[in-house]
There are 2 protein chains.
Amino acid sequence: MVVDDEPSIRDLLAASLRFSGFEVLTAADGYEAVEVAERASPDLVVLDVMLPDLDGFEVAKRIAAPVLFLTARDATEDKIFGLGVGDDYVTKPFSLEEVQARIRAVLRRTRGESAPASRLRVADLELDEEAREVWRGGRPVRLSPTEFKLLHYFMSNAGRVLSKAQILDHVWNYDFGGDAGVVESYVSYLRRKVDAGEPRLIHTLRSVGYVLREPPAG
Amino acid sequence: MVVDDEPSIRDLLAASLRFSGFEVLTAADGYEAVEVAERASPDLVVLDVMLPDLDGFEVAKRIAAPVLFLTARDATEDKIFGLGVGDDYVTKPFSLEEVQARIRAVLRRTRGESAPASRLRVADLELDEEAREVWRGGRPVRLSPTEFKLLHYFMSNAGRVLSKAQILDHVWNYDFGGDAGVVESYVSYLRRKVDAGEPRLIHTLRSVGYVLREPPAG
DNA sequence: GTGACCCTTCAGCTATTCCTCAGCCTCCTG
DNA sequence: CAGGAGGCTGAGGAATAGCTGAAGGGTCAC
């Protein structure tokens with residue numbers, strides 16, 4: 001369930017999560033959230049701290065499901081964890097990659113026992129979501145946060161063509177004002193760090209986008 | 001549904017989509033669009049961002065259907081995706097091939113589960129729309145964007161005779177000023193890249209046009 | 001405060017792609 | 001068989017997209 005009073009953010013999250021295969025309910029304020037949560041018992045709630053009626057913390061207390069908070073950047077962290085309420089948080093403005101990563105982490109944690117692999121693999125390139133580690137051909141690679149998010153997006157969409165606009169929308173914060181040139185820069189960084197050896201995995205499709213895949217045999 | 005205030009573009013799109021088997025409604029401005037959409041609940045809306053009354057984004061919010069935006073090339077592309085509104089966009093001037101490709105992609109995506117093949121095949125020539133890959137006799141072929149569009153047009157009209165004018169109208173942008181000589185050039189490119197081996201698939205019908213098909217056995 | 005790292009922009013460079021054109025070829029016709 | 005219309009293709013110039021090194025500014029840890 002996604003709870004935010006701003007329709008644009010609510011829709012953005014809902015659409016992106018649905019695309020990733022989640023079933024999504026939404027609510028625009030605290031009372032609606034509590035109500036919907038009672039009726040539908042969601043597996044997890046993405047909850048804006050700042051709501052028009054009820055305080056986000058208040059809502060969290062009344063909801064049985066795990067909670068991922070959305071909060072302004074300047075909110076002090078202790079407030080979130082200190083209250084013993086909420087399982088993690090993401091600061092606004094966020095990137096979709098980040099929110100999804102946190103969601104999966106919380107689900108993994110709260111569901112306990114079942115510890116899914118959380119490891120992506122394409123050819124001899126491996127990425128561990130939890131440990132935030134990457135190997136190419138068994139050799140560890142150090143990536144900056146953005147590089148990691150970008151590679152993660154590529155790997156979880158391996159074989160699918162991604163336009164620069166799509167990449168920008170998923171990997172960068174939703175309020176990013178710049179142009180798609182950054183994507184080129186970061187692809188260049190990634191290529192240098194993880195795509196130096198054969199076979200090349202990140203391919204450019206001119207005027208279309210990029211795709212991460214093993215080159216077709218032949 | 002097609003929404004654009006310019007009659008020429010509206011009619012161009014409507015005619016081309018009808019020919020491809022879609023059922024098409026049109027609207028000339030924002031309010032009409034919202035109204036028609038409510039009455040008819042279209043499966044998808046092709047929507048010009050620049051409308052005389054309502055802003056295209058505003059219209060999109062009030063419409064339940066998936067939206068494919070039409071936008072000027074120089075418009076800041078960033079804001080299209082990012083607002084969580086609209087599912088894809090095409091810049092003006094566009095080619096009909098491109099619009100139809102995007103439409104199919106959006107429908108494929110929003111309808112989810114049903115993942116149609118999206119793969120065309122004629123003899124030993126194969127084309128994957130999503131991956132943008134082409135094989136001839138199992139061997140991958142690299143095509144430029146225009147070559148790919150042209151081949152796609154040929155393959156989705158296999159067996160049908162296409163005049164150079166038709167090809168120009170579908171594969172090239174609607175504002176293309178040049179003459180049909182380009183088509184000859186690109187057919188030549190295609191022949192070299194994908195039609196070198198037997199059997200020849202692209203046939204010239206002198207002073208009529210071209211046709212892609214397997215020669216009748218014998 | 002300082003240094004390390006990170007993010008973003010930018011500009012020069014390279015590679016690719018697009019389109020035109022001219023010369024040659026092919027087919028049809030008379 | 002000659003002539004002409006239509007078609008083919010190689011060459012080349014212009015435009016465009018993409019790559020990457022460098023630089024500026026920001027943030028964070030120490």
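Residue numbers start from 1 in every chain, and the chains themselves are labelled A, B, ... in the order their sequence lines are given, proteins ahead of strands. Note that the structure is a prediction, hence the values are computed from the model and not measured.
Put simply, Arg192(A) has a side-chain N or O that comes within less than 4.0 Å of OP1 or OP2 on dG21(D). Look at Arg191(B) and you won't find any side-chain N or O under 4.0 angstrom from OP1 or OP2 of dG7(D). Side-chain nitrogen and oxygen atoms of Ser188(B) include at least one within less than 4.0 Å of the OP1 or OP2 phosphate oxygen of dT9(D). The phosphate of dC7(C) has OP1 or OP2 within less than 4.0 Å of a side-chain N or O from Thr146(A). Considering only side-chain N and O atoms, Trp172(A) lies under 4.0 angstrom from the phosphate OP1 or OP2 of dT8(C). Within the structure, every side-chain polar atom (N or O) of Ser207(A) is placed at least 4.0 Å from both OP1 and OP2 of dT16(D). For Ser144(A) and dC5(C), the shortest distance from a side-chain N or O to OP1 or OP2 is not below 4.0 Å.
When atom types are taken as modelled, the side chain of Gln166(A) and the backbone of Ser163(A) share a donor-acceptor pair closer than 3.5 angstrom. Side-chain N or O atoms of His203(A) include one that pairs as donor or acceptor with a backbone N or O of Arg213(A) at under 3.5 Å.
Summarising the local packing, CZ of Phe19(B) is surrounded by 12 or fewer heavy atoms from other residues, nucleotides or ligands at distances under 6.0 Å.
dA15(D) atom C1' lies 14 Å from atom CG of Asn173(B), rounded to whole Å. In this structure, CD of Glu147(B) is placed 11 Å from P of dC19(C), rounded to the nearest angstrom. Between the P atom of dT20(D) and the NZ atom of Lys193(A) lies a distance of 14 Å, rounded to the nearest Å. In this structure, the CG atom of Leu205(A) is 15 Å from the C1' atom of dT17(C), given to the nearest Å. To the nearest angstrom, C1' of dC10(C) lies 15 Å from OH of Tyr186(A). Atom pair Glu184(A):CD and dG18(D):P shows a separation of 6 Å (rounding to whole Å applied). Look at CD1 on Ile167(A): it is 17 Å from C1' on dT8(C), rounded to the nearest Å. Atom pair Leu190(A):CG and dC19(D):P shows a separation of 12 Å (rounding to whole Å applied).
When distances are taken from the side chain of Ser185(A) to each of dC18(C), dT9(D), dT20(D), the shortest belongs to dT20(D). Closest contact between the side chain of Arg206(A) and the listed nucleotides dG21(D), dC6(C), dA15(C) involves dA15(C). When each of dT20(C), dC8(D), dC18(C) is scored by its nearest atom to the side-chain atoms of Thr204(B), the top-ranked nucleotide is dC8(D).
Among the protein residues, Gly181(B) comes within range of no part of the nucleic acid, since none of its heavy atoms lies under 4.0 Å from any strand. Phe148(B) comes within 4.0 angstrom of no nucleic acid atom, judged by non-hydrogen atoms across all strands.
Here the closest heavy-atom approach between residue Phe148(B) and residue Asp128(B) is recorded as CZ-O, 4.1 Å. When all heavy atoms of Val194(B) and Val141(B) are compared, the pair lying nearest together is CG1-CG1, 3.6 Å. Closest of all the heavy-atom pairs between Ala60(B) and Val67(B) is CB-CG2, 4.1 Å.
Mapping Tyr189(A) and Lys164(A) onto DNA chain D by nearest heavy atom places Lys164(A) closer to the 5' end of the strand.
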